[in-house]
Amino acid sequence: MKVFNTLSRQKEEFVPLQEGKVSMYVCGPTVYNLIHIGNARPMIVFDTARRYMEHKGYEVNYVSNFTDVDDKIIKKANEEGVEPSVISERYIEECRKDMKALNVKEATTHPKATEEIEGMIEMIQTLIDKGYAYAAQDGTVYYRTRSFKDYGKLSHKNLDDLRSGGRSLLVSGEDQKQDALDFVLWKPKKEGEPYWESPWCEGRPGWHIECSVMSRKYLGEEIDIHAGGEDLIFPHHENEIAQSEAANGKEFAKYWLHNGFLNIDNKKMSKSAGNFFTVRDISEKYDLQVLRFFMLSAHYRSPLNFSADLMEAAKNGLDRIVTSVANLNYLLDNASDNGMTEEEQKQYNEAKGFITKFDEAMDDDFNTADAVSAIFELVKFTNTKASESSSKAFVQALKDEIVTLSDICGLIVDKKEEILDTEIEALIQERQDARKSKNFARADEIRDMLAAQGIILEDTREGVKWKRA
Ligand code: AMP
Ligand code: ZN
């Protein structure tokens with residue numbers, strides 16, 4: 001398997017640090033609003049990369065953070081007159097709902113910045129002790145960028161270029177920096193902001209330190225893959241490398257993967273210009289599987305343009321796969337219980353060629369665009385070969401292949417099962433509504449109905465959870 005590494009700007013053979021295991025960190029969203037479709041791109045593409053590696057037999061330890069302390073969160077909290085944690089918890093919850101609807105697997109660990117402050121203070125102290133950081137008089141702690149000799153290795157910038165543009169790097173209130181290139185690790189509290197005690201001042205962390213700390217805590221000092229959108233290459237990931245490698249004395253991440261940007265109608269997404277969609281907006285018009293399919297129709301590193309036409313095309317494309325599987329289900333219900341004929345065995349071997357094609361595409365830096373084409377070819381082949389005279393074994397084998405490849409892409413194409421899940425969710429919602437309007441008879445009726453189908457409901461503080469008995 002080859003992956004494009006931003007560090008070397010080349011495709012490299014993927015060799016994990018530990019055989020059979022992959023440690024992967026993906027920078028997650030800042031939770032001050034519903035996530036937009038641009039935020040959904042890294043979630044979907046790196047979830048697909050994870051699924052593919054798991055399919056290949058790797059055990060993937062996948063960590064993705066929530067940035068829950070940030071200027072934008074504090075601003076929104078002040079506007080609403082609530083604590084910042086009310087805002088961040090609300091949007092973490094909403095983000096999780098969107099991720100579920102996009103069929104993004106739950107991370108192995110989803111750490112939150114505010115729960116990791118102690119580790120951040122410890123790493124900052126190490127950086128000070130090693131001479132890579134200093135506390136200014138007002139208690140701000142800065143990273144001494146020039147002291148890290150490899151600074152710029154990820155973004156391929158050199159320090160002198162940065163210095164010539166250095167003035168613009170000075171942010172107001174940061175006038176105690178020793179050098180314009182230095183960046184903040186810890187900053188003093190301001191009125192109305194959340195803060196923590198530290199050896200330097202009551203304050204809060206700069207943004208970059210959280211990922212260095214969470215990555216080390218949950219994955220170790222050296223990891224295989226660090227990923228995120230390409231806007232994070234500089235300064236965020238460059239600064240993470242400077243922090244982690246200076247503190248740990250080891251290479252931070254072996255492979256750096258970055259997704260290209262999502263634009264709308266060929267323009268940068270912008271709220272003020274009116275071309276901006278949240279994932280929730282899209283869910284009003286489409287099943288979010290369509291959005292996922294749309295994202296996978298391009299290579300993750302390419303820029304991707306979002307438009308109504310392309311979404312319609314994605315919907316039609318996904319429908320083709322779903323319809324083919326529905327036809328196979330119909331055939332399965334009616335097929336005789338025979339084994340594969342010799343001719344069918346031959347055709348099935350031919351079908352496996354499309355699976356090889358799929359694997360080759362995914363092995364080539366997760367080329368989902370070509371992988372999806374391979375699924376289409378398999379579907380087309382299946383539509384012409386499977387018929388009412390086919391054996392059950394043949395139909396089942398073709399269906400299994402389509403479902404397996406789709407599943408690697410996180411696409412649910414066997415509606416037999418999915419309808420059940422959505423029905424359950426709908427009934428749970430109806431039960432909630434019934435309870436709200438004090439129609440307890442209906443609420444109980446729904447619970448009993450679900451119980452009869454082996455669905456167990458559990459009322460928790462975070463809402464209703466369900467599981468199959
Ligand atoms: P943020 O909440 O801004 O830190 O972003 C969370 C993740 O979404 C990061 O990996 C960003 O790089 C990514 N991201 C933000 N906007 C876009 C976009 N328009 N296209 C692709 N990725 C994006
Ligand atoms: Zn990060």
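A quick note: this is a predicted structure, and the numbers were derived from the prediction, not measured. Note that ligands are numbered from 1 as they come in the structure, with each ligand's atoms numbered from 1 the same way.
- Exactly one residue among F276, F261, F277, Y91 makes a ring-ring contact (aromatic ring centres under 6.0 Å, His included) with H36. That residue is F276.
- Judged purely by distance below 3.5 Å, without hydrogens or angles, the side chains of D224 and S23 pair a donor atom with an acceptor atom.
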**OP:** Starting from the C-alpha separation in whole Å, work towards a yes-or-no answer on salt bridge (Lys or Arg N to Asp or Glu O under 4.0 Å) for E89 and K112.
**Re:** CA-CA 10 Å; E89 285 304 318; K112 299 175 195 167; 3.1 Å; yes
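- Around the Zn ion (ligand 2), the protein contributes the following N, O or S atoms at distances under 2.8 Å: C27 SG, C211 SG, H236 NE2, E240 OE2.
- If you look at F306 and F294, their ring centroids are closer than 6.0 Å.
- If you check the side chains of D71 and Y32, you find no donor sitting under 3.5 Å from an acceptor.
- In this structure, NZ in K254 is found 12.0 Å from CD1 in I223, a value given to the nearest 0.5 Å.
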Between ligand 1 and the protein, give all atom pairs where both partners are nitrogen or oxygen and the distance is under 3.5 Å, as lines of names plus distance to 0.1 Å.
unit_1   : atom_1 : unit_2 : atom_2 : d
ligand 1 : 2 (O)  : T30    : N      : 3.0
ligand 1 : 5 (O)  : N39    : ND2    : 3.3
ligand 1 : 8 (O)  : N39    : ND2    : 3.2
ligand 1 : 10 (O) : G229   : N      : 3.0
ligand 1 : 12 (O) : G229   : N      : 3.2
ligand 1 : 12 (O) : D231   : OD1    : 2.4
ligand 1 : 19 (N) : L262   : O      : 3.2
ligand 1 : 20 (N) : L262   : N      : 2.9
ligand 1 : 22 (N) : G38    : O      : 3.1
ligand 1 : 22 (N) : N259   : ND2    : 3.4

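- Remark: the Y62 side chain and the E54 side chain contain no N/O donor-acceptor pair separated by less than 3.5 Å.
- Between Y142 and the options W200, Y134, F183, a ring-ring contact (aromatic ring centres under 6.0 Å, His included) holds for only Y134.
- Judged purely by distance below 3.5 Å, without hydrogens or angles, the side chains of N367 and D370 pair a donor atom with an acceptor atom.
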